[in-house]
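One structure is given here, and the rest of the page talks about it.
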2 protein chains.
Amino acid sequence: MTTLPYPRSMGRLLTMLSEAACGLAEDYLRPYEISLAQWVVLSALWRRDGLSVSELSEYSGKKTAALSRLLDRLEDKELVRRAAVEDDKRSVKIHLTEKGQGLSHLADMYKHVNGVLLADLSETEQEQLFPMLERMLDSVEGKSKKR
Amino acid sequence: MTTLPYPRSMGRLLTMLSEAACGLAEDYLRPYEISLAQWVVLSALWRRDGLSVSELSEYSGKKTAALSRLLDRLEDKELVRRAAVEDDKRSVKIHLTEKGQGLSHLADMYKHVNGVLLADLSETEQEQLFPMLERMLDSVEGKSKKR
DNA sequence: TGATTTTAGTTTACATGTAAATTAGATGTC
DNA sequence: GACATCTAATTTACATGTAAACTAAAATCA
């Protein structure tokens, strides 16, 4: 059949780019046997250990429900452990294990992805691109039902 | 706690934008009780009915495994039906039901999303943005392990 | 023609995301 | 202090994506 063409959709373009970027990240992480979702959590802890689940949620943009299970996996892999909080027994703080700390060199993974994504754009273009996308994001989040 | 800042990551920016765009689409579709993933399949069929699973896969970028289950749901909802192919009994063609055809006005959903995404960008900026992102996508897909 | 390889689609196991219900522990107000 | 309300985290049900195994049918080729 003739290939069905797509309409010019910014949403589609963004989704394809995001999927491509995530794919690059997953490829990079595969040898270390951690998923991108797990990396996001670890990357917060590498920068500040002992965050609570709520704080991780705020940082990562993931719901605590999603984190709860992600943290189960990370505990299974012995990369993090949950610790009780004295002052507030509802709260749980997450700490890196030595094994988890040992992967901290992966914190720079996003730079590799950045490099590939931006390889074909000039400095000038990059200077234009970031602010435009940031503005788009601000404008959309202003309208979203989520805040 | 002090909010943990993020590094300047194009991957993160693209992912947040994509999620925002998908959220807008889901909000738009919610009253019709179809998911964005389902819309993608339907949008192909509204433009060309009777595509095979493979063709839908190529169009949508989804694996046939994912489609198989999606099509189960769309059949449950009586929006599409599977039809045997005479020439090749391995192949399955997907047809819209009347009910599925009846939602075809949703084909323009992406324009609504486009409108919101681009609301704060000037015409000039939009003219710059699309080609830059398209170029980025081409460049990444050229390097991806997936082709 | 008969055996081997490809191809189309499905199924299964698993990771992840969402929404809604649940649990336990703070907080606030009278 | 007792009761109502909020909050932190978890659990459950479900949709979706991936990879790998599986099935059936078509194509290849020796």
Side-chain angles (χ1 to χ4, degrees), chain A residues 1 15-16 18-20 22-23 25-27 29-30 33-42 50-77 79-94 144-146, chain B residues 1 15-16 18-23 25-27 29-30 33-42 51-77 79-94 144-146:
Chain A
M1 74 161 204
T15 296
M16 293 186 73
S18 165
E19 285 172 358
C22 291
E26 295 277 8
D27 289 347
L29 296 173
R30 191 160 299 119
E33 299 188 293
I34 60 173
S35 69
L36 176 54
Q38 290 165 3
W39 178 90
V40 170
V41 170
L42 293 174
L51 292 170
S52 69
V53 176
S54 312
E55 288 167 339
L56 280 173
S57 171
E58 194 183 339
Y59 176 83
S60 68
K62 299 177 196 298
K63 307 277 166 67
T64 61
L67 282 171
S68 224
R69 219 178 15 192
L70 252 172
L71 291 168
D72 290 343
R73 302 263 153 62
L74 288 172
E75 274 196 322
D76 292 346
K77 293 184 178 185
L79 295 174
V80 308
R81 65 186 165 73
R82 286 170 160 100
V85 175
E86 271 311 296
D87 326 14
D88 186 339
K89 293 188 176 170
R90 292 168 305 178
S91 187
V92 174
K93 288 205 181 299
I94 311 300
S144 153
K145 292 186 179 175
K146 299 206 176 163
Chain B
M1 75 161 203
T15 297
M16 293 186 74
S18 165
E19 285 172 356
C22 291
E26 297 277 8
D27 290 347
L29 296 173
R30 192 159 299 118
E33 299 187 291
I34 61 173
S35 69
L36 177 53
Q38 290 166 4
W39 178 89
V40 170
V41 170
L42 292 174
L51 292 169
S52 69
V53 176
S54 314
E55 287 165 340
L56 280 173
S57 171
E58 193 184 341
Y59 177 83
S60 68
K62 298 176 195 303
K63 307 278 166 70
T64 61
L67 282 172
S68 222
R69 218 180 13 194
L70 253 172
L71 291 168
D72 290 344
R73 302 261 153 63
L74 287 172
E75 275 197 323
D76 292 346
K77 294 185 179 186
L79 295 174
V80 308
R81 63 185 167 73
R82 287 170 160 99
V85 175
E86 270 312 294
D87 327 13
D88 186 340
K89 293 190 175 168
R90 293 168 305 178
S91 186
V92 174
K93 287 205 183 299
I94 311 300
S144 151
K145 292 185 177 175
K146 298 205 176 163

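Please read these numbers as outputs of a predicted model, since none were measured by experiment. Letters A, B, ... mirror the listed sequences (proteins, then strands); counts begin at 1.
- Looking at A/Asp27 and A/Arg30, a side-chain N of the basic residue comes within less than 4.0 Å of a carboxylate O on the acidic one, giving a salt bridge.
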### Task
Decide side chain to side chain contact (heavy atoms under 4.5 Å, CB included) for B/Leu51 and B/Ile94; before the verdict, give the C-alpha distance in whole Å, the side-chain angles of both, and the deciding distance to 0.1 Å.
CA-CA 6 Å; B/Leu51 292 169; B/Ile94 311 300; 5.8 Å; no
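- Straight-line distance from the CG atom of B/Leu51 to the P atom of C/dA8: 14 Å, rounded to whole Å.
- The local environment of NZ in B/Lys89 is sparse, with at most 12 non-hydrogen atoms from other residues, nucleotides or ligands closer than 6.0 Å.
- Here the C1' atom of nucleotide D/dC14 and the CG atom of B/Asp76 are 13 Å apart, to the nearest Å.
- Two residues are said to be in side-chain contact when any heavy atoms from C-beta on lie closer than 4.5 Å; B/Leu71 and B/Val92 fail this criterion.
- Not a single donor-acceptor pair under 3.5 Å links the side chain of B/Lys62 to the backbone N or O of B/Leu56.
- With rounding to whole Å, A/Gln38 atom CD is found 15 Å from C/dC14 atom P.
- One N or O on the side chain of B/Gln38 and one on the backbone of B/Ser35 form a donor-acceptor pair closer than 3.5 Å.
- With a 4.5 Å cut-off on side-chain heavy atoms, A/Ser68 and A/Arg82 count as touching.
- Note on B/Ser35: a side-chain N or O is less than 4.0 Å away from OP1 or OP2 of D/dT16.
- Taking atom CZ of residue A/Arg82 and atom C1' of nucleotide D/dA8, one finds them 12 Å apart after rounding to whole Å.
- Not counting sequence neighbours, the partners of A/Thr15 by the side chain to side chain donor-acceptor pair (under 3.5 Å) test are B/Ser18.
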### Task
Kindly indicate, with the supporting measurements, whether the criterion side chain to side chain contact (heavy atoms under 4.5 Å, CB included) is fulfilled by A/Val80 and A/Leu42.
CA-CA 8 Å; A/Val80 308; A/Leu42 293 174; 3.9 Å; yes
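- When the P atom of C/dA15 is taken as reference, atom NZ of A/Lys63 falls 21 Å away, rounded to whole Å.
- Contact check, B/Lys62 against D/dT16: no side-chain N or O comes under 4.0 Å of OP1 or OP2.
- The distance between atom CG of A/Leu56 and atom C1' of D/dT10, rounded to the nearest whole Å, is 15 Å.
- Residues from residues 65-75 of chain B placing a heavy atom under 4.0 Å of any atom in DNA chain D, listed by number, are B/Ala65, B/Ala66, B/Arg69, B/Leu70, B/Arg73.
- As rounded to whole Å, 14 Å separates atom C1' of C/dT18 from atom CG of B/Leu36.
- One can place CG of A/Leu29 at 15 Å from C1' of C/dA15, the figure rounded to the nearest angstrom.
- Interface residues of residues 85-94 of chain B facing DNA chain D, ordered by number: B/Asp87, B/Asp88, B/Lys89, B/Arg90; criterion, heavy-atom separation under 4.0 Å.
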